Amino acid sequence: MHNLSIKELSEGLKAKRFSSRELTQHHLDRIARHDWALNSFITVTPERAMAQAAAADAQLAAGAGGPLTGIPLAQKDIFCTRGVKTSCGSKMLDRFVAPYDATIVEKLDAAGMVMLGKANMDEFAMGSSNETSWHGAVRNPWNPGRVPGGSSGGSAAAVAAGLAPAATATDTGGSIRQPAALTNLTGIKPTYGRVSRYGMIAFASSLDQAGVLARSAQDAAYVLQAMAGFDPRDSTSVDCPVDDYPAALDKPLRGLRIGLPDEFFAEGLEPGVRSCVEGAIKKLWELGAEFENVSLPNMPLSVPTYYVVAPAEASSNLARFDGVRYGHRADNAASLEELYKRSRGEGFGAEVQRRIMIGTYVLSHGYYDAYYLKAQKVRRLIYDDFKRAFASVDLVLGPTAQNVAFRLGDKGDDPVAMYLNDIYTIAANLAGIPALSMPCGFHDGLPVGVQLMGNFFDEARMLNVAHQYQQATDWHKRRPPGFE
Amino acid sequence: MKLSPEQVKQVAHLARLEIRPEQLGHYAAQLSSILEMVSQLAAARTDAVEPMAHPLDMVQRLRPDAVTEEDRRADFQAIAPAVENGLYLVPKVIE
Amino acid sequence: MSVNTMEWEAVIGLEVHCQLLTRSKIFSGAPTAYGAAPNTQACAVDLGLPGVLPVLNGEALRMAVSFGLAVGAQIAPRCVFARKHYFYPDLPKGYQISQYELPIVAKGRLDIVLDDGSAKTVGITRAHMEEDAGKSLHESFHGQTGIDLNRAGTPLIEIVSEPDIRSAAEAVAYLKKLHQLVVYLGICDGNMQEGSFRCDANVSVRRKGEARFGTRTETKNVNSFRYVEKAIDYEIQRQIEVIEAGGRIVQETRLFNPDTGQTRAMRSKEDANDYRYFPDPDLLPIVCSAEYIEEIRKALPELPEAKKARFEAAFGLSAYDAGVLTGERPLADYFEAVVKASGAEAKLCANWVITDLLGALNKLGKDIGGSPVSAQALGGLLGRIADKTISGKIAKEVFEAMVAGEGDADAIIKAKGLVQITDEPAIVAVIDQVMQANPEQLKGYRSGKDKLFGFFVGQVMKASQGKANPDAVNRLLKEKLAPPG
């Protein structure tokens, strides 16, 4: 059952070949059997899951329900789930039981999906390896000595290992796409504003966007369909109609114009990864796509831009964690200042503290113009680069990451080396455009991803291209040994 | 751009983070390397470029002035570290 | 205090925080009502729980714009919210959503009149929208501080004046004028005790003739007009003394203590000087179209100055009376309702409202909203004067009964038998009685002691228990007292 697509699972449920309870139990069993080695879940919620499954079965028995009714999924622990611990991978929130649901949790519940539990993640989504989680590192199912990527490492590992058919995830600088690439999944970060951020614990508000990690573009299309849409509780949510993603999957690729930016194939790209990406280009060309070179000259500045904007917003967003109303509170603080400093010093891990300090510094008096304002200007240059590119092409294509999954601990104490992991993914967040990573081969026995970047609200076309590619290839069907 | 341990201490205070004195040097080195990477921005030509605060070219939506939230103090204070008589407690504040 | 204030000049700028009268908060749907049990009106957004997001209350924006229009200011076609960061337990998110570089209102002005009658214009630098913080309660709780976040997220406009003010008296005149305006506009209830209208005073001093400003201090927590005056006077004196003693003024935030009348440096604000403002990424730019602004302009109520001019012109009132009656919008509305209900002359109505009604309210310690006599009821009473049912004197007696809650004017007049005697034969009969009873005085009057006329009026009124129509009494007495023949 854990190798079936969401469409096949839904057909199986509707045909009564298995019940949602059986399907859910199957996944809960797999979690129990395998997750000790992966650490992909922070919290497993069997009772809630079985209750949702029973409700889904009742709905299905009555002939009702949609394409996701009764299908299990994992929620990244960044989304508030009422009555369930929502830790965001941090000691700060280790005892935080959210008193409300995130909008996407409400929407996926309403679509009949069954939440298996809360997936592990880098602390406050700050990381590219899932090593900053207070709940411990997540292992890559393809090689337990390797990282699954981050920050949505738990979501990625769970789906790749067949512990969940799909998972929600978030992407501030690549946190959906890079883990997708490193674990052989399809991951989509929608256009900024397409999916509500309400109830999603903020890292960098102008960059954060929720999306999906799944085993195929088709699976991702179904789940994203249920997540996307206007939310009056989020001022940055866009009130425009959502395309029918599953319906758009079958469109042929003839005439599709794809841009190849030189900047994505420059120095630093591992040759084994490059050849996989080139293989994908060839395959898409065979399917009817046309290619041309485009230039994104400011792309190399995306990492420095991001490491001003994201920490600045993060330092502000994380100021609310002060030990007063919720979250970790230091014992026996003698003064208010001590309460703040110790609660935050104890509750946040080193990477989070580093980013808070960088963000505090770049916003502080005398440095704002040189760092924050400058970064905002360069952000517009990056945005303009994409605008120019999309005047001549439908999509931009490049590698998702420079290399395959690295070893745990490899980039432990060098934050800048870790940050460069996101060199290909960050630009899409800065520009606000949608981007997707899909499997395109293996190097050294580890998965490689290729990235598609689209124009605003062009998710349907990106999923369509990925689906067409996946109809002609079987990279996405490969499963990690031991988890088949 | 190099940050001194003293500057790290100041920033940590502004951010209300307790950093042990023996960690200051380590943080200073790491933060300096991040700032050095970030300093590439200085080379970009941005005269006459409008700063971009947000990827959306949209304006703020207005909410009708209606009370939509009910009292959920019990739920909210169930997750609070220290409350009494409905108030959140903190060490004595001297104004 | 023995310093020579004559060589010194104070430079004062005021920052007024004005709570807007919306039903719900500026960024959430929680209620704004004052006085609820602690933390029962603080929703997830107000508490700054993780993941929640702000959405702007349209009414708060409308009120801010209407203020700007009322002070002749520019309304920004595009403005943004910024985050102002500092750690304080009544500030749940660690930042306040405020406006920094692009406020909604800029460059307004307010004309004030001082007690000596001189006029002055105070510039309004800006007014911006922001959210209020919660409250810290320092008493009890075993030496801890309790935090109530009900007030957190209440919409405010912060109105910043130019440093145009030169004395505590000018500051009070400015504040009173501003207070009157925001209450008139219906955007603030103006309740200073409850903190709906709060003032921080930036004060510096310099030697007269000096062009540069001195170092200023900001005094907080001055929540009445009287305290503003005291706090500013104290601060001016303190600064002069410090400088004359060879010291220097430190730029700092100070707290006014109403019990001692003094100010002192606030410890909690010692390092709150790097607010790290940046545009709030959870909120998008606010755009006010010309049509939107025009719509608000058209809906503005009549403002105090216009109303005063109209009262003078339309009702023939003196400038003083018109000023008193338009001092507060509810009083002006009350007065206009009395005029309408009574059908009496406006001047009579004005006298009654100013002298009798305000006098009675003052005794009761009530404001116009709590008046035991409605405008309709007072109008009814004055109508009885106008149609000569009762005299002005009897009306005072009726009014007292109305204040005491004995019913409306007609019921009281009827119950007490106070209807005025206008029937001339009846009055003549009383006059005849009085003349017969006082032959000595009659003789005296007729021999030229004119002063005795008053005696006869008094006797007639007394004999009629005050009910005889005074005009008729005067006229008929003149006729009857005249020497026969």
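In what follows, every chain begins at residue 1, and chains take the letters A, B, ... in the order their sequences are listed. What you see is a predicted model; the values in this text were computed from it and never measured.
Looking only at heavy-atom pairs under 4.5 Å with chain C, the residue among B:V59, B:L89, B:L56, B:V90 that has the most is B:V90. For the options C:R23, C:E59, C:H85, heavy-atom pairs under 4.5 Å to chain B are most numerous at C:R23.
Atom OG1 of C:T40 is separated from atom CD of B:Q77 by 9.5 Å, given to the nearest 0.5 angstrom. Atom OH of C:Y86 is separated from atom CZ of B:R16 by 12.0 Å, given to the nearest 0.5 angstrom. Rounded to the nearest 0.5 angstrom, B:E69 CD and C:Q41 CD are separated by 12.0 Å.
Taking a 6.0 Å sphere around CD of B:Q40, one finds it holds more than 12 heavy atoms contributed by other residues, nucleotides or ligands. Heavy-atom neighbours of B:E70 CD from other residues, nucleotides or ligands within 6.0 Å: at or below the threshold of 12. Within 6.0 Å of OH in C:Y277 there are more than 12 heavy atoms belonging to other residues, nucleotides or ligands.
Distance alone, capped at 3.5 Å, places no donor-acceptor pair between the C:N39 side chain and the B:R73 backbone. In this structure, B:Q60 contributes its side chain and C:L284 its backbone to a donor-acceptor pair below 3.5 Å. Side chain of C:H138 to main chain of B:K92: no donor-acceptor pair is present (N/O by atom type, distance under 3.5 Å, no hydrogens or angles).
Interface residue C:A42: only backbone heavy atoms are found under 4.5 Å from chain B. Neither the backbone nor the side chain of B:D75 comes within contact range of chain C; no heavy atom of the residue lies under 4.5 Å from a heavy atom of that chain. Interface residue C:L255: only side-chain heavy atoms are found under 4.5 Å from chain B. Both the backbone and the side chain of C:P31 come within contact range of chain B, judged by heavy atoms closer than 4.5 Å. There is no contact between C:S136 and chain B, counting heavy-atom distances below 4.5 Å. Contacts of C:R264 with chain B are made by side-chain atoms alone, with heavy-atom separations under 4.5 Å and no backbone atom involved. B:A15 touches chain C through its backbone: at least one of N, CA, C or O sits under 4.5 Å from a heavy atom, while the side chain does not. Neither the backbone nor the side chain of C:F278 comes within contact range of chain B; no heavy atoms are under 4.5 Å apart. Of the atoms belonging to C:R276, it is side-chain heavy atoms, and not backbone ones, that fall under 4.5 Å from chain B. In this structure, the portions of C:L283 lying under 4.5 Å from any heavy atom of chain B include both its backbone and its side chain. Contact annotation for C:S28: only backbone heavy atoms (N, CA, C, O) come within less than 4.5 Å of a heavy atom of chain B. Residue contact with chain B, scored on non-hydrogen atoms closer than 4.5 Å, involves the side chain of C:L149 exclusively.
Looking at C:L47 and B:Y88, their side chains come closer than 4.5 Å, going by heavy atoms from C-beta outward. Considering only heavy atoms from C-beta on, B:V93 comes within 4.5 Å of C:Y88 through its side chain. A 4.5 Å side-chain heavy-atom check between C:L56 and B:R63 finds every atom pair outside the cut-off. In this structure, C:T22 and B:D65 have side chains that are in contact, with non-hydrogen atoms separated by less than 4.5 Å. By the 4.5 Å heavy-atom criterion applied to side chains, C:N57 and B:L62 are not counted as neighbours.
When all heavy atoms are compared, the tightest approach of B:I79 to C:L49 is CD1-CD2, 4.3 Å.
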